[in-house]
Amino acid sequence: MTSVNNPPADPGCVFCKIVAGSIPCHKVFETEHLLSFLDIGPLARGHILLIPKAHYVTLDELPEDLAAGCAQALPRLARALKAATGASDYNLLENNGALAGQVVKHVHFHLIPRAEGDGLGYRWPAGKLDAAEAERLKKAFAAELG
Ligand code: 5GP
Ligand code: ZN
């Protein structure tokens, strides 16, 4: 997995400080490149975060092998979260950029247990896909993805 070309730790980043051990955390899982720990401001009991140890800000910056490592760890963490909390349902959330609600500028995946009546809600104000716009968007994506 990528490590030689990873960006250096950001001295102002709280998650880099957690990786370095200069700020404590309640660790639940660790590999050479990944760390998972309890969120300090949980939305629900057992809310955890998974981070790559290297300081990347958003998902689109992640090298593919590191992204694959995250994806590989998530189902196992989700199973552990269900077992540890008794929750049957959970949200996977990953915010990119301030407009999307990202506060800590170091890539992180939230795993949030859900329960009946937990009050967290779920906002999904769906629109309607316009056919012409869909064709334009498909072309724009194809120009990037082939
Ligand atoms: P974001 O809004 O950036 O997606 O979420 C950042 C998350 O990091 C928040 O849920 C917040 O509670 C958590 N967080 C911020 N600082 C710390 C910290 O020092 N320790 C831990 N464990 N979590 C933190
Ligand atoms: Zn960082």
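Nearest heavy atom pair, residue L81 against residue L111, reads CD1-O, 3.7 Å. The two residues P52 and V107 come nearest to each other via the heavy atoms CD-O, 3.3 Å. Across all non-hydrogen atoms, the minimal contact from C16 to H106 is SG-ND1, 3.6 Å. Between Y90 and P113, the closest heavy-atom pair is CB-CA, 4.0 Å. Taking each heavy atom of E32 and K53 in turn, the nearest pair found is O-CD, 3.3 Å. Here the closest heavy-atom approach between residue N91 and residue R114 is recorded as OD1-NH1, 2.7 Å.
Below 30°, between 30° and 60°, or above 60°: for H108 and H110 the angle between ring planes is above 60°, a perpendicular geometry.
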(message) Under the criterion side chain to side chain contact (heavy atoms under 4.5 Å, CB included), I'd like the reasoning laid out for L50 against L34: C-alpha separation, chi angles, the key distance, then a yes or no.
(response) CA-CA 7 Å; L50 171 68; L34 306 175; 4.1 Å; yes
(request) Check step by step if side chain to side chain contact (heavy atoms under 4.5 Å, CB included) holds for L49 and F15. (result) CA-CA 10 Å; L49 302 171; F15 288 173; 3.6 Å; yes
(request) In sequence, state the C-alpha distance, the side-chain angles, and the governing distance for L66 and Y56, and then conclude on side chain to side chain contact (heavy atoms under 4.5 Å, CB included). (result) CA-CA 10 Å; L66 196 48; Y56 291 95; 3.6 Å; yes
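Under the 4.5 Å side-chain criterion, counting only non-hydrogen atoms from C-beta, F29 is not in contact with I48.
In this structure a side-chain-to-backbone donor-acceptor pair under 3.5 Å is missing from N96 to T58. A donor-acceptor pair under 3.5 Å links the side-chain atoms of S22 to the main chain of K17, judged by distance alone.
A distance of 5.5 Å separates CG of L35 from CD of E30, quoted to the nearest 0.5 Å.
Cluster membership for V104 and V19, using ILVMFWY side-chain heavy atoms within less than 4.5 angstrom, is shared.
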